[in-house]
Amino acid sequence: MELSDFQQQWDRLTHMVEERTEINRKVLRMMLVDKASKRILWFKIDSLRKSLLSFAFVVFAMFYVPIKGGAFSYLGVAMLILLLGWLMFGEIRLIRLISRVQYNEPVVRIRRRLLNIRRVKLKTTIISYLLSPISLLALLLMIHNDFSDVNLPKISGRDLLALIPIGLGFILSIYFSFGIGIRRRFRKLNQGLAELELLEE
Amino acid sequence: MDQEDFLRLIEQNRGILVKISGVYSNNEHDRSDLICEMILQLWKSTSQYRGDSKVSTWIYRVALNSAMNYKRRNDRQEFILLTNPEIYASKSCLRQEEDPPWVEELYESINQLDEINRGLILLHLDGFSHAEIANIMGMSVSNIGTRMHRIKKQLKVILTKQGN
C-alpha cells in the first residue's frame with residue numbers, strides 16, 4: 001500500500017467513525033459527576049493515609065518516651081521526627097508537582113513534566129532507603145532503656161575481624177544489585193528528558 | 001461550559017477520540033476504557049480552555065496527553081467505582097458498531113511507531129499543518145518537518161511489509 005492509499009483509507013475511517021458511533025449520554029452524565037470526584041478523593045485519601053501514619057508514629061513516640069526513656073530516647077525521637085518530617089516534605093513536594101500537571105499543555109512539555117516527577121520520586125525513594133539505617137538507629141536509641149537489663153555478649157577483636165568481610169560483602173551486594181540498577185534508571189530518565197528538550201528547540 | 005455543552009462538544013468530536021484510542025491501545029477493552037479516560041480528562045480541563053485556540057486543537061492536546069500517559073485501571077480504582085454499579089456495568093462511554101478488519105490493520109501499522117510519532121502522523125493524517133502540529137505537540141516547526149519525513153519513510157516500510 002502506498003502512503004496516498006493510506007491517507008484515503010484514513011479519510012474513509014474518519015467518515016465511518018462519524019456514522020457508526022454515538023455517545024452514551026446516560027453513562028457519560030453519571031461518569032462526569034461520579035468518577036471525576038471519586039478519583040480526586042482517592043488521591044487525597046492515599047496521601048492523607050501516608051501523612052497520618054507518620055504523624056501517628058510521632059505522637060506514639062512522644063507519649064512513649066517520657067514514660068520509659070532518658071536522654072538517648074529523646075535523641076532517638078528527635079531523629080525520627082526529623083526523618084519523618086523530611087519524608088512528609090518529599091510527599092508534599094510530589095503531590096504539588098503532580099497537581100501542577102495539566103493535560104491541556106503541549107504534549108512534549110507534559111511528557112517532560114512527568115519524567116521529571118518520576119525522577120523526583122526515584123530520588124525520594126533512594127534517599128528514604130539510604131536513611132533507613134539512621135531510622136533504625138533512632139528506634140534503637142528510643143527503646144534502648146527497655147533492654148538495659150539484658151546482658152549483651154561481648155565482641156572481641158577477632159570476632160570483629162570476622163565480621164568485617166561479612167559487612168563488606170553485604171554493602172557490596174547492596175551496591176551492585178541496588179545502586180547499579182538505580183543508576184541505569186536515572187540515566188534512562190535523563191536521556192528521555194534530553195531527547196524531549198531537543199524536540200522543543 | 002456546562003455539562004450539556006460539554007456532551008455536545010464530545011458528540012461533535014467523537015471521531016478524534018475513537019481514532020486516538022485506536023492508535024494508542026491494543027484491544028477493545030482498553031480502547032473503550034481509554035475513551036472514557038480522555039473524556040474525563042477533557043471534562044477536568046474545561047475550566048482551563050480559554051478559547052484562544054481552536055476547539056479541535058485543545059481536544060487533540062488533552063486526548064493525546066491522556067492516551068500517552070494512560071495506564072490500565074487497577075483493581076483499587078475498580079473497587080471505588082463499585083459504589084455506583086450502573087457505571088461499572090456499562091462503562092462504555094460510546095456506542096460503537098464493530099470495526100471491519102481493514103480498520104484494525106490501519107491502526108496496527110500506526111501502532112508500530114513510537115508514541116510521539118504516532119501522535120504526529122495522526123495529526124498529519126487529520127489534515128493539520130506543520131505549524132498547528134507544532135503547537136499541539138510543543139515542538140518546533142523545523143523538528144516537525146524532519147520527523148514527518150522520517151515517519152513517512154518508516155510507515156512506507158511497515159506498509160510494504162504488511163502488503164507482503
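- Only the side chain of B/Ile116 comes within less than 4.5 Å of a heavy atom in chain A; its backbone stays farther off.
- Within residues 114-122 of chain A, the residues having any heavy atom less than 4.5 Å from a heavy atom of chain B are, in residue-number order, A/Leu114.
- Separation of atoms CG (A/Leu28) and CD1 (B/Ile39) is listed at 4.5 Å; rounding is to 0.5 Å.
- Contact of B/Asn65 with chain A is made through backbone and side chain together, with heavy-atom distances under 4.5 Å.
- The shortest side-chain heavy-atom distance between A/Leu13 and B/Tyr107 falls under the 4.5 Å cut-off.
- For the atom pair CG (B/Leu159) and CZ (A/Phe6), the distance works out to 5.5 Å, reported to the nearest 0.5 Å.
- Taking all atoms of both residues into account, the shortest heavy-atom contact from A/Met16 to B/Pro100 is CE-CD, 3.6 Å.
- Heavy atoms of other residues, nucleotides or ligands lying less than 6.0 angstrom from CZ of A/Phe89 number 12 at most.
- Contact tally against chain B (heavy-atom pairs below 4.5 Å) for A/Arg112, A/His15, A/Glu200, A/Glu19: the top residue is A/Glu200.
- Atom CG of A/Leu199 and atom CZ of B/Arg147 lie 4.5 Å apart (nearest 0.5 Å).
- Along residues 16-23 of chain B, the residues that come nearer than 4.5 angstrom to chain A, judged on non-hydrogen atoms, are B/Val18, B/Lys19, B/Val23 in order of number.
- Residue B/Tyr60 does not touch chain A at all, counting heavy-atom pairs closer than 4.5 Å.
- Dense packing is recorded around CZ of A/Arg20, with more than 12 heavy atoms of other residues, nucleotides or ligands lying under 6.0 Å away.
- With a threshold of 4.5 angstrom between heavy atoms, B/Ser109 approaches chain A through side-chain atoms but not through N, CA, C or O.
- Residues of residues 120-127 of chain B that come within less than 4.5 angstrom of chain A, heavy atom to heavy atom, are B/Leu122, B/His124, B/Leu125, B/Asp126 in numerical order.
- Chain A forms the most heavy-atom pairs under 4.5 Å with one residue out of B/Gln48, B/Met139, B/Glu4, B/Glu11, and that residue is B/Gln48.
- Of the two parts of A/Leu196, only the side chain, counted from C-beta on, holds a non-hydrogen atom closer than 4.5 Å to a non-hydrogen atom of chain B.
- Crowding of A/Arg25 atom CZ: a count of heavy atoms from other residues, nucleotides or ligands under 6.0 Å exceeding 12.
- Chosen from A/Val101, A/Asp11, A/Thr21, A/Thr14, the residue pairing most often with chain B at heavy-atom distances under 4.5 Å is A/Thr21.
- Heavy atoms closer than 4.5 Å to chain B are found in the side chain of A/Arg111, but not in its backbone.
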Considering only distance and modelled atom types, tabulate donor-acceptor pairs under 3.5 Å from the side chains of residues 102-109 of chain A, sequence neighbours left out.
unit_1, atom_1, unit_2, atom_2, d
A/Glu105, OE1, A/Arg113, NE, 3.0
A/Glu105, OE2, A/Arg113, NH2, 3.3

